[in-house]
Amino acid sequence: MISVNDFKTGLTVEVDGDIFTVLDFQHVKPGKGAAFVRSKLKNLRNGNTVERTFRAGETIGRAIIENRGVQYLYASGQEHVFMDNQTYDQFTLDAQQLEWELNFLKENMTVNIVSYQGEILGINLPTSVELKVVETEPGVKGNTAQGATKNAKLETGHSVQVPLFINEGDVLLIDTREGKYVSRA
């Protein structure tokens, strides 16, 4: 058990039978009435974000999340096959569990699997990944005061805004948290 007064960003807790990670929290001490903690929590099972208010000093269950290194092998229809790097066991995850992550996953890529008491909740990608540009319009100079961008399609099918000097075949560094262009690799 953990007190809500000890909330930290990134902490995983169990509330009403679901597993949440703390995205944001604020201790509020009104002039009249008891203090409370206003928090923003992300459900790790379905990805929904909720705002919850707890009384100061209230205790809730702490969820111990396990992270293991796994390798993404291949896609088979709506199923995606991974292999545990330590035990070499293979398991599948449904495409619905990996909606955002599929924009950055390449075969043979190493990622971390997030699990709670044997239940797989999802995967954690590296902060940035290298992806190849497969389709982009040629950059046209002129009529640009500053920072002109164009659309580029990556090898995973994800589209991202890039500077005009990027061409097809270039390998780019992409931020997986926001899905944005960082630099050339």
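Note that NZ of Lys42 and OG1 of Thr12 are 13.0 Å apart. Values are rounded to the nearest 0.5 Å. Separation of atoms CG (Asn151) and OG1 (Thr136) is listed at 7.0 Å; rounding is to 0.5 Å. Atom-to-atom distance recorded for Glu135:CD and Glu168:CD is 6.5 Å, nearest 0.5 angstrom. Atoms CD and CG, on Glu51 and Asp24 in that order, are 8.5 Å from each other to the nearest 0.5 Å. Between Lys40 atom NZ and Gln26 atom CD the span is 12.0 Å, to the nearest 0.5 Å. Here the OG1-NE2 distance, from Thr156 to His158, works out to 7.0 Å after rounding to the nearest 0.5 Å.
Other residues, nucleotides and ligands contribute over 12 non-hydrogen atoms within 6.0 Å of the CD atom of Glu137.
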_side-chain contact (heavy atoms from CB on, under 4.5 Å) between His27 and Val4, intermediate numbers included_ = CA-CA 9 Å; His27 294 279; Val4 295; over 6 Å; no
*Before giving the answer on side-chain contact (heavy atoms from CB on, under 4.5 Å), spell out for Thr149 and Tyr181 the whole-Å C-alpha distance, their side-chain angles and the decisive distance to 0.1 Å.*
CA-CA 11 Å; Thr149 61; Tyr181 164 84; over 6 Å; no
_Using salt bridge (Lys or Arg N to Asp or Glu O under 4.0 Å), reason through Arg68 and Asp89 one step at a time and then give a plain yes or no._
CA-CA 12 Å; Arg68 286 183 321 211; Asp89 291 336; over 6 Å; no
*Apply the test side-chain contact (heavy atoms from CB on, under 4.5 Å) to residues Val22 and Lys8: give CA-CA distance (whole Å), side-chain angles for both, the deciding distance (0.1 Å), then the verdict.*
CA-CA 7 Å; Val22 177; Lys8 290 180 176 51; over 6 Å; no
*How far apart are the C-alpha atoms of Leu98 and Phe82, what are their side-chain angles, what is the distance that settles it, and do they pass the side-chain contact (heavy atoms from CB on, under 4.5 Å) test?*
CA-CA 12 Å; Leu98 304 171; Phe82 293 84; 3.9 Å; yes
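When the side chains of ILVMFWY residues are joined at heavy-atom separations under 4.5 Å, either directly or via intervening members, Phe36 and Leu41 end up in two distinct hydrophobic clusters. Connection of Val133 to Leu102 is established within a shared hydrophobic cluster, with ILVMFWY side chains joined at heavy-atom distances below 4.5 Å, either directly or through further cluster members. A continuous path of Ile, Leu, Val, Met, Phe, Trp and Tyr side chains, each step under 4.5 Å between heavy atoms, connects Val13 with Phe54, placing both in one hydrophobic cluster. When the side chains of ILVMFWY residues are joined at heavy-atom separations under 4.5 Å, either directly or via intervening members, Met83 and Val81 end up in a single hydrophobic cluster. Cluster membership for Ile19 and Met1, using ILVMFWY side-chain heavy atoms within less than 4.5 angstrom, is not shared.
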Pairs of donor and acceptor atoms involving the side chains of residues 103-129, under 3.5 Å and at least two apart or interchain, shall be tabulated with distances.
{"unit_1": "Asn103", "atom_1": "ND2", "unit_2": "Trp100", "atom_2": "O", "d": "3.4"}
{"unit_1": "Lys106", "atom_1": "NZ", "unit_2": "Glu130", "atom_2": "O", "d": "3.1"}
{"unit_1": "Tyr116", "atom_1": "OH", "unit_2": "Glu14", "atom_2": "OE1", "d": "2.8"}
{"unit_1": "Glu119", "atom_1": "OE1", "unit_2": "Arg45", "atom_2": "NE", "d": "3.2"}
{"unit_1": "Glu119", "atom_1": "OE1", "unit_2": "Arg45", "atom_2": "NH2", "d": "2.9"}
{"unit_1": "Glu119", "atom_1": "OE2", "unit_2": "Arg45", "atom_2": "NE", "d": "3.0"}

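Here the closest non-hydrogen pair linking Pro30 and Ala35 is CD-CA, 4.1 Å. When all heavy atoms are compared, the tightest approach of Val182 to Asp175 is CG2-N, 3.6 Å. For the residue pair Gly179 and Val160, the shortest heavy atom distance occurs at O-CG2, 3.9 Å. Nearest heavy-atom pair, Val37 versus Phe25, reported as atom, atom and distance to 0.1 Å: CG1-CB, 4.5 Å. Of all non-hydrogen atoms in Ser3 and Gly57, the two that sit nearest each other are OG-CA, 3.9 Å.
Counting heavy atoms from C-beta on, the side chains of Arg62 and Leu11 come closer than 4.5 Å. Contact check for Val50 versus Asn43: no side-chain heavy atoms found under the 4.5 Å cut-off.
Qualifying side-chain hydrogen bond (donor to acceptor under 3.5 Å, both in side chains) partners for Tyr72, counting only residues two or more places apart in sequence or in other chains: His80.
Side-chain N or O atoms of Glu79 include none that pairs as donor or acceptor with a backbone N or O of Ser76 at under 3.5 Å.
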